[in-house]
Number of protein chains: 2
Amino acid sequence: MPENLSASLEDYIESIAELTGSSGVTRAADIADKMGVSRPSVTVALRALASRGMVNYKPYSTVSLTDKGRKHAAVVLRKHRILSRFFNEILGTDVELADSAACKVEHAIGEEITDRLVDFLAFIDNCPMAAEGGFEFNSRKRQSFREKGATNEKD
Amino acid sequence: MPENLSASLEDYIESIAELTGSSGVTRAADIADKMGVSRPSVTVALRALASRGMVNYKPYSTVSLTDKGRKHAAVVLRKHRILSRFFNEILGTDVELADSAACKVEHAIGEEITDRLVDFLAFIDNCPMAAEGGFEFNSRKRQSFREKGATNEKD
DNA sequence: AAGTAATATTAGCCTCATCTAACTTTTGTC
DNA sequence: GACAAAAGTTAGATGAGGCTAATATTACTT
């Protein structure tokens, strides 16, 4: 029972977290549909997550996260959200690209980078200078730094 | 002969690019040493890269990049460098962490995100406001936005 | 309560990326 | 120029992650 999750297993636990709404429960078929993988792949992933104590799994039954699994999912989802916000709000990409890039990058950054990204976004949100005229790549103002002539030559 | 490179093959081509200095040539053993993998793994990777037209490879001989390989390496190295700078100069992590995070993230972002990151860094570099007192997470001034009270509560 | 539809698992196969051990080729040294 | 050392490759294994086809279980419907 190893402790660490591969990128793939992190994707599974993330999807499971999003699928278990009020009921706290989801099914293998829903996971397969959401992730675009086959049902047998889900079975294998579920066993791997169960062996790590991340999900409650019994064959032919519904699936739920354990406390440990919920905590792990929260870590991944936090990375996803901050990255998506950074790509969209700071870099000015559209929401879809921001989200799909976040999906990949979330498996590649650790806690320190994540924490600093969170601080950075909070700083921009609270920065009086960013709120005014001169520095407006503030929240929801897309592409603003690009419009200000960020590039050196062309334009 | 597929066209796309996996994260692993991108790492190989990146290392080869860094090892082929003035001579334009390197050896399998050097690649293995640099990357911390076994020599047979290098042989396999070299064959995969050769089949994609990225390296000049003959058994028992030296290795060099083709034009195509050099171009591909440049794309990856550009991502690496801009990410490393972002993590270090903007987020304020130490150089080692910035570099190791860049190593992983470089395989997860595409051209659009990279372009925007390049523009963003250029903007910060040229921003008069960032150069003065109020907004100094400018080049090489590490952790500056954190020192300014970026976090909301604690501190 | 029986039978069908839906859901899940097993079995068997594939690719990628890695490894160790054994073998081959090249290199360099006397 | 022969032979040992260094370098490279082949052979064979492993593990993760995915797939399809076939089988098993559960659930619904009448």
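Letters A, B, ... mirror the listed sequences (proteins, then strands); counts begin at 1.
The residue among A/Ala28 and B/Ala48 whose nearest nucleotide of DNA chain C lies closer to the 5′ end is A/Ala28.
Among the nucleotides D/dT25, D/dC19, C/dT18, the one closest to the side chain of A/Tyr60 is D/dT25. Relative to the side chain of A/Thr43, the nucleotides C/dT9, D/dA11, C/dT18 differ in distance, and C/dT9 lies closest. Closest approach to the B/Arg39 side chain among D/dT9, C/dA17, D/dT20 is made by D/dT9 (side chain taken as heavy atoms from C-beta onward). Side-chain proximity of B/Pro40 to D/dG8, D/dA24, C/dT20: nearest is C/dT20. Distance from the side chain of A/Ala29 is smallest to C/dT7 among C/dT7, D/dT20, C/dT10. Out of D/dG17, C/dT18, D/dA7, the shortest distance to the side chain of B/Arg27 is found at D/dA7.
A/Leu46 places its CG atom 15 Å from the C1' atom of D/dG17, with the value rounded to the nearest Å. Straight-line distance from the CE atom of B/Met35 to the P atom of C/dA17: 11 Å, rounded to whole Å. Per the geometry, NE2 belonging to B/His107 stands 15 Å off C1' belonging to C/dC16, to the nearest Å. In this entry the distance linking NZ of B/Lys58 with C1' of C/dT26 reads 16 Å, nearest Å. Rounded to an integer number of Å, the gap from CG of A/Leu9 to P of D/dG15 is 16 Å. Computed from coordinates, the B/Asp33 CG to D/dG8 P distance equals 10 Å when rounded to whole Å. With rounding to whole Å, A/Arg52 atom CZ is found 13 Å from D/dG15 atom P. Atom CZ of B/Arg47 is separated from atom C1' of C/dT18 by 14 Å (rounded to the nearest Å).
Of the charged side-chain nitrogens involved, none lies within less than 4.0 Å of a carboxylate oxygen, so that A/Arg27 and A/Asp33 do not count as a salt-bridged pair. Remark: B/Glu111 engages B/Lys79 in a salt bridge, criterion side-chain N to carboxylate O under 4.0 Å. No salt bridge links A/Arg116 with A/Asp119; every basic N to acidic carboxylate O contact stays at or beyond 4.0 Å.
Checking the phosphate oxygens (OP1, OP2) of C/dT26, no side-chain nitrogen or oxygen of B/Ser61 falls inside 4.0 Å. The shortest distance between the side-chain N/O atoms of B/Ser8 and the OP1/OP2 oxygens of C/dT18 is below 4.0 Å. Between B/Ser41 and the phosphate of C/dC19, there is a side-chain N or O to OP1/OP2 separation shorter than 4.0 Å. The side chain of A/Ser38 contributes no N or O atom lying less than 4.0 Å from OP1 or OP2 of D/dT20. Of the side-chain N and O atoms in B/Tyr12, one or more sit less than 4.0 angstrom from OP1 or OP2 of C/dT18.
A tilted orientation is assigned to the rings of A/Phe86 and B/Phe86, their planes being inclined by 30° to 60°.
With hydrogens and angles ignored, the 3.5 Å screen pairs no side-chain donor or acceptor of A/Asn88 with any backbone N or O of A/Asp94.
Nearest heavy atom pair, residue A/Ala29 against residue A/Arg39, reads CB-NH1, 3.5 Å.
At the heavy-atom level, B/Val42 lies nowhere under 4.0 Å from the strands shown.
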